[in-house]
Amino acid sequence: MMKKNKIFVACDTSNLNQIKKIIKYTRTNQLKIIPKFGLQFFYSKSGRKFLENFKSEFFLDVKLNDIPQTALSAMDSLKDLKKLRYITVHASGGLDMLKTVTKKAKKINKNIKVLGVTVLTSLNNKSLKRIGHTKSVEKLVMHQVNLLKKSGAAGCICSAKEAGIIRKKFKNFYIVTPGIRLPGDKSDDQARIMTPREAFKNKVSAIVMGRSLVKKNIKNNVKKLIDHLNQ
Ligand code: C5P
């Protein structure tokens, strides 16, 4: 059962050597671990070059959010990244933008999954209210998931707490959940967290793990994760 569990490791650093270290030490034949690169690396001098030549599939977490034409052009500018397989776009950017990006991504490569970011896992009901939303986290996530479905996007980014209700409604939706912590680990800036086991129980398609995997001894953390999933 474990090999089926897909894990994206968040390579959250602009330091190329550190990136290489994360990739090397998270390599295991017991789990499917795919690197996820975020803004800090993609914006860095060596980041984009590194990804141009990257030889295995990766996730680019750039969270596009702009008017349709700009988002479309941004997607087009990524077409030379041959191994790009997952990309994020904010659901709050609206239906037209989501449709435009999804269509463009399909044209570039049918294997690219466009994933819509719903409510960030660092937010809770109180922080949503502050932004001006009147819906609860769960209601807003579901609302945005319906919008994503309509746009043709392959899936969404949400917390594992919402995954259960989404899966109930959509059997074939690619649900990816950050905000994952091994038991006992600090939540840091995340507000809606779950353990890897709890997340997979909620039928997520894949989880994102950053600090729980890459802090201190990476190999040791991977071993802890394998043990945790085997329990
Ligand atoms: O270290 P940690 O496991 O909290 O890292 C979570 C990763 O997932 C970060 O790279 C963060 O940018 C990303 N992410 C998130 N919440 C979202 C979308 C992406 O935490 N809604």
Side-chain angles (χ1 to χ4, degrees), residues 5-15 18-19 21-23 25-26 31 33-44 47 51 58-65 85-93 98 113-125 127-128 131 133 137-138 140-145 147-148 153-163 166 173-200 202 204-218 221-222 224-225 228-229:
N5 295 343
K6 195 181 278 184
I7 290 136
F8 293 111
V9 58
C11 304
D12 286 340
T13 168
S14 54
N15 180 321
Q18 185 61 19
I19 294 268
K21 205 170 124 189
I22 295 172
I23 294 168
Y25 291 144
T26 52
L31 286 171
I33 300 186
I34 296 169
K36 177 181 91 71
F37 302 101
L39 294 172
Q40 59 275 69
F41 185 57
F42 197 63
Y43 284 171
S44 74
L51 296 181
F58 67 90
F59 182 153
L60 189 62
D61 192 7
V62 283
K63 300 188 176 71
L64 291 173
N65 195 357
R85 290 293 178 272
Y86 308 86
I87 188 160
T88 45
V89 52
H90 272 285
S92 58
L98 294 168
K113 280 186 172 37
V114 173
L115 305 171
V117 179
T118 60
V119 179
L120 292 171
T121 42
S122 53
L123 303 177
N124 57 21
N125 281 325
S127 23
L128 263 196
I131 301 171
H133 286 292
V137 170
E138 198 176 282
L140 184 57
V141 169
M142 207 55 217
H143 189 95
Q144 293 184 331
V145 163
L147 187 77
L148 289 165
C156 73
I157 311 284
C158 60
S159 95
K161 291 183 185 281
E162 298 92 44
I166 300 171
F173 199 53
Y174 205 83
I175 306 172
V176 179
T177 61
I180 299 293
R181 291 291 180 274
L182 283 168
D185 277 358
K186 278 193 304 189
S187 54
D188 306 300
D189 55 351
Q190 298 285 18
R192 307 191 324 275
I193 63 167
M194 276 194 154
T195 67
R197 270 216 331 260
E198 288 171 329
F200 285 116
N202 275 355
V204 304
S205 311
I207 60 174
V208 172
M209 290 184 79
R211 285 160 286 190
S212 232
L213 267 192
V214 304
K215 59 154 201 213
K216 295 184 199 148
N217 188 329
I218 301 175
N221 300 333
V222 172
K224 264 204 233 162
L225 170 63
H228 165 78
L229 289 172

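Atoms within a ligand are numbered from 1 in the order they appear, just like the ligands themselves.
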- Query: In chain order, what residues pass the side chain to side chain contact (heavy atoms under 4.5 Å, CB included) check against A191, with sequence neighbours excluded?
  - Reply: N124
- Between S212 and the options T195, D185, D188, the side-chain hydrogen bond (donor to acceptor under 3.5 Å, both in side chains) test singles out D185
- Task: Report yes or no: is the cationic atom of K36 (NZ for Lys, CZ for Arg) under 6.0 Å from the centre of the six-membered ring of F8, at an angle within 45° of the ring normal?
- Result: no
- Message: So for atom NZ, which belongs to K186, do other residues, nucleotides or ligands contribute more than 12 heavy atoms lying within a distance under 6.0 Å?
- Response: no
- Message: Filter on salt bridge (Lys or Arg N to Asp or Glu O under 4.0 Å), then keep only pairs touching residues 115-125, sequence neighbours left out; what's left?
- Response: none
For ligand 1, output the ligand-protein N/O contacts shorter than 3.5 angstrom; if there are none, return none.
| residue | atom | partner | partner atom | Å |
| --- | --- | --- | --- | --- |
| ligand 1 | 1 (O) | R211 | N | 2.7 |
| ligand 1 | 1 (O) | R211 | NE | 2.7 |
| ligand 1 | 3 (O) | R181 | NH1 | 3.1 |
| ligand 1 | 3 (O) | G210 | N | 2.8 |
| ligand 1 | 4 (O) | R181 | NH1 | 3.2 |
| ligand 1 | 4 (O) | R181 | NH2 | 3.0 |
| ligand 1 | 4 (O) | Q190 | NE2 | 2.9 |
| ligand 1 | 4 (O) | R211 | NH2 | 2.9 |
| ligand 1 | 10 (O) | D12 | OD1 | 3.2 |
| ligand 1 | 10 (O) | D12 | OD2 | 2.6 |
| ligand 1 | 10 (O) | K36 | NZ | 2.9 |
| ligand 1 | 16 (N) | T121 | OG1 | 2.8 |
| ligand 1 | 20 (O) | T121 | OG1 | 3.2 |
| ligand 1 | 20 (O) | Q190 | NE2 | 2.9 |

- Sorted by chain and number, sequence neighbours left out, side chain to side chain contact (heavy atoms under 4.5 Å, CB included) with P196 holds for I180, L182, I207, M209, L225, H228, L229
